[in-house]
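Data first, discussion second: the structure below is written as structure tokens.
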Amino acid sequence: MGNCQQSAYAQANRTNSGDVTCPATGTSIQILPQRTSRYSMLFNNINGVAVRLGYLDTGTATLDGTNSWLLQPGQATSDSVPGILNKRVVCMSTTGVSNVITFNETYR
């Protein structure tokens with residue numbers, strides 16, 4: 001038998017989840033705070049307008065193609081590798097209308 005190595009992670013024991021209203025184009029709002037103990041995060045765009053998600057150190061800047069990425073209507077995305085991203089996560093609608101998305105984060 002070969003030598004098989006697998007990563008083993010401690011378990012998260014806290015959660016942060018809910019809905020957030022991503023504001024209309026022009027400013028962003030924080031979804032998740034900066035957290036070095038983050039284990040996983042999930043975002044689900046439950047409405048009919050695309051939103052931008054960005055990872056900012058501070059502030060609520062306007063998001064664009066240089067500092068964020070698009071989450072399309074009905075699309076979900078997740079990351080479950082501890083330590084990959086510990087920055088703040090912010091969002092902004094891509095139109096003049098705000099948009100609600102859901103989120104879930106686990107951390108230690």
Side-chain angles (χ1 to χ4, degrees):
M1 298 200 119
N3 184 6
C4 180
Q5 294 183 2
Q6 294 180 338
S7 297
Y9 302 115
Q11 297 300 307
N13 60 4
R14 296 182 182 156
T15 62
N16 174 24
S17 61
D19 300 335
V20 66
T21 300
C22 302
T25 301
T27 187
S28 57
I29 190 171
Q30 179 176 295
I31 306 169
L32 299 178
Q34 180 177 349
R35 193 182 313 275
T36 57
S37 59
R38 182 175 295 135
Y39 279 72
S40 68
M41 58 186 179
L42 165 81
F43 305 100
N44 188 8
N45 186 352
I46 59 174
N47 286 299
V49 175
V51 296
R52 286 200 165 274
L53 295 177
Y55 312 121
L56 303 179
D57 292 323
T58 61
T60 55
T62 298
L63 301 179
D64 58 32
T66 65
N67 63 359
S68 64
W69 55 277
L70 286 173
L71 185 65
Q72 296 295 338
Q75 183 180 16
T77 186
S78 64
D79 182 355
S80 60
V81 178
I84 290 294
L85 180 72
N86 59 24
K87 288 189 173 195
R88 293 172 61 242
V89 181
V90 298
C91 71
M92 179 188 83
S93 177
T94 57
T95 69
V97 178
S98 62
N99 189 24
V100 176
I101 65 171
T102 62
F103 68 91
N104 186 40
E105 171 192 39
T106 61
Y107 61 99
R108 197 158 181 72

Nearest-0.5 Å distance, CG of residue Leu32 to OG of residue Ser17: 10.5 Å

Applying the side chain to side chain contact (heavy atoms under 4.5 Å, CB included) test to Arg35, which of Arg14, Glu105, Arg108 qualifies? Glu105

Heavy-atom closest pair, residues Asn45 and Ala50: ND2-CA, 3.9 Å

Under 3.5 Å, is there a donor-acceptor pair between the side chain of Asn47 and the main chain of Val49? no

For Asn44, give me all partners under side-chain hydrogen bond (donor to acceptor under 3.5 Å, both in side chains), at least two apart in sequence or on another chain. none

Distance from Thr102 atom OG1 to Asn104 atom CG, nearest 0.5 Å? 8.5 Å

Distance check, rounded to the nearest 0.5 Å: Leu71 atom CG versus Phe43 atom CZ? 9.0 Å

Do Thr25 side-chain atoms and Thr95 backbone N/O form a donor-acceptor pair below 3.5 Å? yes

For the pair Ser93 (side chain) and Asn99 (backbone), establish whether a donor and an acceptor sit closer than 3.5 Å, ignoring hydrogens and angles. no

Please test Lys87 against Leu56 for side-chain contact (heavy atoms from CB on, under 4.5 Å), starting from the C-alpha separation and ending with a verdict. CA-CA 7 Å; Lys87 288 189 173 195; Leu56 303 179; over 6 Å; no

Ile101 to Leu53 - nearest heavy-atom pair and separation: CD1-CD2, 4.1 Å

Is Ile29 linked to Leu63 within one hydrophobic cluster, defined over Ile, Leu, Val, Met, Phe, Trp and Tyr using a side-chain heavy-atom separation of less than 4.5 Å? no

Do the side chain of Asp79 and the main chain of Val81 share a donor and acceptor less than 3.5 angstrom apart? yes

Yes or no on side-chain contact (heavy atoms from CB on, under 4.5 Å) for Thr60 and Val90, after CA distance, side-chain angles and deciding distance? CA-CA 7 Å; Thr60 55; Val90 298; 5.6 Å; no

Mind running side-chain contact (heavy atoms from CB on, under 4.5 Å) on Ile31 and Met41 for me, showing each step along the way? CA-CA 11 Å; Ile31 306 169; Met41 58 186 179; over 6 Å; no

Between Gly54 and Ser68, the two heavy atoms sitting closest are CA-CB, 3.9 Å

Atom pair CE (Met92) and OG1 (Thr62), whose distance is rounded to the nearest 0.5 Å: 6.0 Å

CG on Leu42 to OG1 on Thr77, rounded to 0.5 Å: 8.0 Å

Which residues share a side-chain hydrogen bond (donor to acceptor under 3.5 Å, both in side chains) with Ser78, sequence neighbours left out: none

If you group Ile, Leu, Val, Met, Phe, Trp and Tyr by side-chain heavy-atom gaps below 4.5 Å, do Val51 and Phe103 land in one group? yes

With rounding to the nearest 0.5 Å, note down the distance linking CD in Gln34 to CG in Asp57. 7.0 Å

Closest contact, heavy atoms only, Tyr107 versus Arg38: CB-CA, 3.9 Å

